[in-house]
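The basis for the numbers below is simple: all heavy atoms, side chains too, and nothing from hydrogens, waters or symmetry mates. All of these numbers come straight from a predicted model, not from anything done at the bench.
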Amino acid sequence: MEAADAAVWQGAVLGGIVIWIVTASFLDVTLKLRSFLQPWVSHHVEIGTPIILQIQNYHFGSLDAFFSALSCVVSVPFYTGFLPLLFWSGHGKLARQMTLLMAFCDYFGNCIKDVVSAPRPPSPPVKRITATKDEEDNALEYGLPSSHTLNTVCLSGYLLHYVLNHTQLEGVYATHIGVSLVVLLVTLIGLGRVYLGMHSVIDIIAGLLFGLGILAFWLSVDDYIDNFVVSGQNVTSFWAGLSFLLLFAYPTPEIPTPSFEYHTAFNGVALGIVTGVQLTYHQFHTEFVPRLFTPDMKILVFAGRVLVGIPTILIVKFCSKALAKWTIPVVANTLGIPIKSSSYIPKLNPLVTGNKPKEGCFQRLLSSQDSFDVDTGIRFIQYTGLAWSVVDLVPTLFTYLSL
């Protein structure tokens, strides 16, 4: 009976997403929302430019370095590197929730960015400070909402909630100190994004409001999601279907940006984590596993885990990418799906070869889509494999190595 009930609600969710994809495409929902929201947001970006210039009048090299470093600390690449360490430290539930929340924030925030397609502050006159390659890529995205602000609100807020409810830190003073630190961090992140010329004030406000809304929602469903991931029915098949449909449910931006690539990567990460945890929960991820800074796991053991784990997941990432680059074109050609590659496979890049993709049955059915970019599938499989190795392959190696 329980399995039947699970199949019903899972089918309803996936069916609902399919209906939304078809309906939104037929009614041009993205274009209609953009025509309504973009002028309003663009106007507020324009009138907010003098505020940015006033803040940038306090320009100092040390402030450039401070805000650039702070932006790196709360960026997607930082969390991508930090979350595996959280899993290997024994805090499995926190790591699962932070990973899935990050994927949710990334998808929601980037959807809003590409629906609205509102510009970042005009440069010049605003000076845009991009100290890293990651910041240069971020500058290619649209502005509203500020992803850094949204992610910081959600992840720091959830971390505070977890610490106050799952550790011995309790009482009014602990709560006040924790909330004060979160507020300070969010304030510095928002101020830093404006100082660096990456966002307007309206972007920061939108990131703050959306972040608070997502955090409130997640705190009401996190236990249900975690229980489903570790002990639910049809978890892997449902999540695979959900991940696949979310790729098609993503809105088309006015001009292509890296936002979809970021979502694809974290969508794959979420699937890999869910699949691996579902398979190995009772072996490696229960609440009774050794944790860092306890007698059960000393710092040298954790250091050994890091030295083994990081090279392993990088090797899996490389192998997953190579495998996907070989298999996806073969499968697509077999099914008659017209394909191209933006960067991963030069011989499938029309700009390089000058060849137009061959027309197949899928192209005739979907005349509005000239061809499908295999880079999306390659990136998705690459990060799925990487995330799976974090929670399945690497912990297995720890067992064999007595770590």
Side-chain angles (χ1 to χ4, degrees), residues 73-107 150-170 174-175 177-179 181-182 185-186 211-212 214-232 235 239 266 269-299 301-303 305-306 309-310 313 383 386-392 394-395 398 403:
V73 169
V74 296
S75 64
V76 171
F78 171 80
Y79 289 120
T80 304
F82 169 73
L83 291 172
L85 306 185
L86 198 57
F87 275 106
W88 301 336
S89 70
H91 296 276
K93 182 175 181 179
L94 176 60
R96 290 192 298 273
Q97 287 298 312
M98 294 279 280
T99 302
L100 297 180
L101 178 56
M102 183 70 202
F104 187 82
C105 290
D106 191 66
Y107 187 82
L150 189 156
N151 294 341
T152 303
V153 169
C154 290
L155 296 175
S156 62
Y158 188 83
L159 179 61
L160 174 62
H161 163 79
Y162 185 90
V163 169
L164 293 178
N165 287 274
H166 293 84
T167 68
Q168 296 180 346
L169 293 176
E170 56 184 17
T175 302
I177 292 174
V179 171
L181 290 175
V182 169
L185 178 61
V186 172
L212 291 173
I214 292 173
L215 178 60
F217 166 75
W218 199 264
L219 291 177
S220 67
V221 301
D222 61 332
D223 286 334
Y224 298 104
I225 293 175
D226 199 65
N227 290 336
F228 172 68
V229 169
V230 302
S231 60
V235 176
W239 211 282
F266 247 97
V269 167
L271 175 60
I273 292 297
V274 169
T275 301
V277 169
Q278 170 71 194
L279 293 173
T280 62
Y281 174 72
H282 293 290
Q283 295 170 264
F284 307 126
H285 304 291
T286 68
E287 293 300 300
F288 306 104
V289 298
R291 292 184 176 180
L292 184 61
F293 302 125
T294 67
D296 297 324
M297 185 191 297
K298 297 181 179 180
I299 189 67
V301 173
F302 178 70
R305 289 187 170 195
V306 174
I310 295 297
I313 65 175
Y383 281 91
L386 181 149
W388 164 80
S389 68
V390 168
V391 295
D392 191 335
V394 171
F398 293 162
L403 293 173

(request) Please determine if Lys93 and Asp223 form a salt bridge, counting it only when a charged side-chain N lies under 4.0 Å from a carboxylate O. (result) yes
(request) Please report the closest heavy-atom contact between Ile214 and Cys105, naming both atoms and the distance. (result) CG2-SG, 4.1 Å
(request) State, yes or no, whether a side-chain contact exists between Phe217 and Phe104 at a heavy-atom distance under 4.5 Å. (result) yes
(message) Within the structure provided, determine whether Val229 and Tyr281 are in side-chain contact (heavy-atom separation under 4.5 Å).
(response) no
(message) Would you compute the distance between atom CD1 of Ile273 and atom CD of Gln97 and round it to the nearest 0.5 angstrom?
(response) 12.0 Å
(message) Contact between Leu86 and Ser89 at the side-chain level, heavy atoms closer than 4.5 Å - yes or no?
(response) yes
(request) Heavy atoms only: give me the nearest Cys154-Leu101 pair and the separation to one decimal. (result) O-CD2, 3.7 Å
(request) Identify the two heavy atoms, one from Met297 and one from Trp88, that lie closest to each other, and give their separation to 0.1 Å. (result) CE-O, 3.6 Å
(request) With rounding to the nearest 0.5 Å, note down the distance linking CG in Leu94 to NE2 in His161. (result) 10.0 Å
(message) Measuring from atom OG1 of Thr99 to atom CZ of Phe82, what distance do you get when rounded to the nearest 0.5 angstrom?
(response) 9.5 Å
(request) Determine the minimum heavy-atom distance between Val394 and Gly309, stating which atoms define it. (result) CG1-CA, 3.8 Å
(request) List the atom of Leu100, the atom of Val274, and the distance in Å for their closest heavy-atom pair. (result) CD2-CG2, 4.0 Å
(request) Could you tell me the separation between the OH atom of Tyr158 and the CH2 atom of Trp218, rounded to the nearest 0.5 Å? (result) 8.5 Å
(message) Keeping Thr280 on the side-chain end and Val391 on the backbone end, is there a donor-acceptor pair under 3.5 Å?
(response) yes
(message) Can you tell me how far apart CG (Leu386) and OH (Tyr383) are? Round to the nearest 0.5 Å.
(response) 7.5 Å
(message) Nearest 0.5 angstrom please: Met98 CE to Tyr162 OH, how far?
(response) 11.0 Å
(message) For Gly272, is there any backbone N or O sitting under 3.5 Å from a side-chain donor or acceptor partner on Thr275?
(response) no
(request) Looking only at non-hydrogen atoms, find the nearest pair between Leu160 and Val179 and report the distance. (result) CD2-N, 3.7 Å
